[in-house]
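Numbering of residues begins at 1 and proceeds along the displayed sequence. Nothing here was measured: the structure is a model prediction, and the numbers come from that model. First listed ligand is number 1; within each ligand, the first listed atom is number 1. Just so it is clear, the values below take in all heavy atoms, side chains as well, and ignore hydrogens, waters and symmetry mates.
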Amino acid sequence: MEPAPRARGLSLPTRILLGLVVGAAVGVTLNVLYAPPLGAEKSPTWLRIEDWADTVVRPLGNVFLSLLFMVVVPVVFSSLFLGVSGLGSVQKLGQLGSRTLAWFLGTTAAAAMIGIGLVSLVEPGRRVTPEVAAQIKAQYLGEAQTRIAQSAQAKGWLEMLVDIVPRNVVGAAADNTKVLGLIFFALVLGAASMRLAPDRTRVLRELLEGVYELCVKVLNWVMELAPYGVACLIFHATAKLGFDVMKLVGWYFLTAMGGLVLYQLVVVTLLAKVFAGLSPRRFYAGSRALLVTAFSTSSSNATMPTTIRTAVDEFGAPKEIAGFVMPLGATMNMNGTALFEGVSVLFLAQVYGVELGLGAQALVVGMAVLTAIGAAGVPGGSIPLLAVVLTQVGVPPEMLALILGVDRLVDMTRTIPNVTSDLVCSLWLSRREGHALRT
Ligand code: ASP
């Protein structure tokens, strides 16, 4: 597809960034000018803006999002199957799998601890007066209750583990929140293919290679639309953002966002340097399209094909390793989400007046890790699980109302470390396997 003539000359990541800036600028401006203060009547102009944002801009953004989601199932299946069968031996699969899991658990737990540490330091919950808390709660209670209702369907840990094994693989593939079932199926088939004579699976492998190549081609087309899709998504998010609430829970917002930015800029950058040998400059220059896609879609799943593309095309990772790590990472490895959960649980406990001692904090870390693994890589995927964690530490889940008004922006931001951690993990493993990266 030819790029639009006026955009010729600017690289795709730059155009996507431009879309982000323009969409955000327009959204923020309209919000600041016309959005009603918390609890006030909406003006006719604002009602029209909201209507336009919901009925025109959001569907356009959603088309972009759906185009990205559209290739997720074939990419997950083909890349995992090919990745696993390309490893050659179950032993190697075990080795790669255990290193990948160690990375996921280690980085996710570290992120949750950083989140908890930050809240203990800043104490944002002590800076919210009961009146302010009641005011915000009144505004967002309805939304909180919808999320809590979703969390009622959330399963216990054991059930969640049992559910990784799908009864019906088509059913698992049909639901964006059940990708783990599809992943399991692809892993098992990939492992089984190692036990068959190569010529029994040759046709299937060639077919899946074709499917994978086609998806990459489609993804390249979809990414040409990214500047417009991203502009629509970010416009909708910023135009409807609760800037009022943001001021009211400012300390929470600053702690969560500060923690995420710090985690990305310090921890992930350092991991990229130490484990993948990438200078910060090289790492961020190669990841620009990835960062903007993650930020604007707020979805690790929708970003997953771009994460693979970044690892392979930008940094030279082999397809089988990227194709193995990214589908797993998109659903299981969520560093940003774990940090956010640590911050949110402790903040809401502080506001509610529940003292969480060291033991309870350790429990929060454990649960943040588990929920980050269990959360679907879709926008707001972790919120229903957060309600479960709150209940377990004795905080009423309705307290979620306090953070929902600003969650959109926090969600967009936490998705960035969610995906960059997968990227660095795949680059580290590639390097360990002796592949030279483009550093
Ligand atoms: N939006 C996040 C992701 O897809 C999940 C979450 O934290 O809600 O990575």
Side-chain angles (χ1 to χ4, degrees), residues 61-62 64-66 68-69 72 75-76 104 107-108 111-112 114-115 143-144 146-148 150-151 154 160 175-180 183 230 233-234 236-237 253 256-257 259-261 263-264 268 287 290-308 310 325-345 347 364 367-390 397 400 403-425:
N62 280 350
F64 169 64
L65 208 58
S66 299
L68 288 174
F69 273 124
V72 166
V75 167
V76 166
F104 290 180
T107 54
T108 308
I114 292 176
E143 200 179 329
T146 316
R147 304 301 188 105
I148 295 165
Q150 287 168 354
S151 82
M160 214 162 81
D175 187 343
N176 264 326
T177 60
K178 289 192 188 143
V179 186
L180 271 181
I183 287 177
V230 164
L233 289 173
I234 192 87
H236 189 263
F253 182 71
M257 294 292 273
L260 290 169
V261 171
Y263 186 82
Q264 175 62 44
V268 181
S287 314
L290 175 68
L291 300 178
V292 183
T293 310
F295 185 70
S296 59
T297 61
S298 312
S299 166
S300 306
N301 282 3
T303 311
M304 193 260 296
T306 312
T307 323
I308 298 184
T310 307
V325 174
M326 299 331 177
L328 287 172
T331 23
M332 295 176 70
N333 186 32
M334 296 193 181
N335 296 185
T337 296
L339 191 148
F340 149 79
E341 294 202 13
V343 169
S344 302
V345 173
F347 165 72
V364 173
M367 287 196 293
V369 172
L370 279 176
T371 43
I373 292 174
V378 297
S382 55
I383 300 290
L385 295 174
L386 185 59
V388 176
V389 181
L390 286 175
L400 267 184
I403 59 168
L404 286 182
V406 296
D407 191 55
R408 190 64 204 265
L409 201 56
V410 178
D411 191 11
M412 294 160 83
T413 312
R414 66 181 177 252
T415 307
I416 294 182
N418 283 357
V419 302
T420 48
S421 172
D422 303 340
L423 173 67
V424 178
C425 175

Q: Could you tell me which residues satisfy side chain to side chain donor-acceptor pair (under 3.5 Å) with S300, sequence neighbours excluded, listed by chain and number?
A: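 Here no residue qualifies.
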Q: With a 4.5 Å cut-off on side-chain heavy atoms, are L386 and S344 touching?
A: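 They are in side-chain contact.
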Q: Which protein N or O atoms sit under 3.5 Å from any N or O of ligand 1? Give atom names and distances.
A:
from	atom 1	to	atom 2	distance (Å)
ligand 1	1 (N)	S298	O	2.8
ligand 1	1 (N)	V378	O	3.2
ligand 1	1 (N)	D411	OD1	2.7
ligand 1	1 (N)	T415	OG1	3.3
ligand 1	4 (O)	S300	N	2.8
ligand 1	4 (O)	S300	OG	3.4
ligand 1	4 (O)	G377	O	3.3
ligand 1	4 (O)	V378	N	3.4
ligand 1	7 (O)	T337	OG1	2.6
ligand 1	7 (O)	S382	OG	2.9
ligand 1	7 (O)	R414	NE	2.6
ligand 1	8 (O)	G381	N	3.0
ligand 1	8 (O)	S382	N	2.9
ligand 1	8 (O)	S382	OG	2.9
ligand 1	8 (O)	R414	NH2	3.2
ligand 1	9 (O)	S300	OG	2.4
ligand 1	9 (O)	N418	ND2	2.8

Q: Using every non-hydrogen atom in the two residues, find where E341 and M367 come nearest and quote the distance to one decimal.
A: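 Shortest heavy-atom contact: OE1-O, 4.4 Å.
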Q: side-chain contact (heavy atoms from CB on, under 4.5 Å) for T107 and V268? Distances and angles first, verdict last.
A: CA-CA 9 Å; T107 54; V268 181; over 6 Å; no
Q: Going through the checks in order, is the side-chain contact (heavy atoms from CB on, under 4.5 Å) test met by M304 and D422?
A: CA-CA 9 Å; M304 193 260 296; D422 303 340; over 6 Å; no
Q: Would you indicate whether the side-chain heavy atoms of L68 and T303 approach each other to under 4.5 Å?
A: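 No, side chains not in contact.
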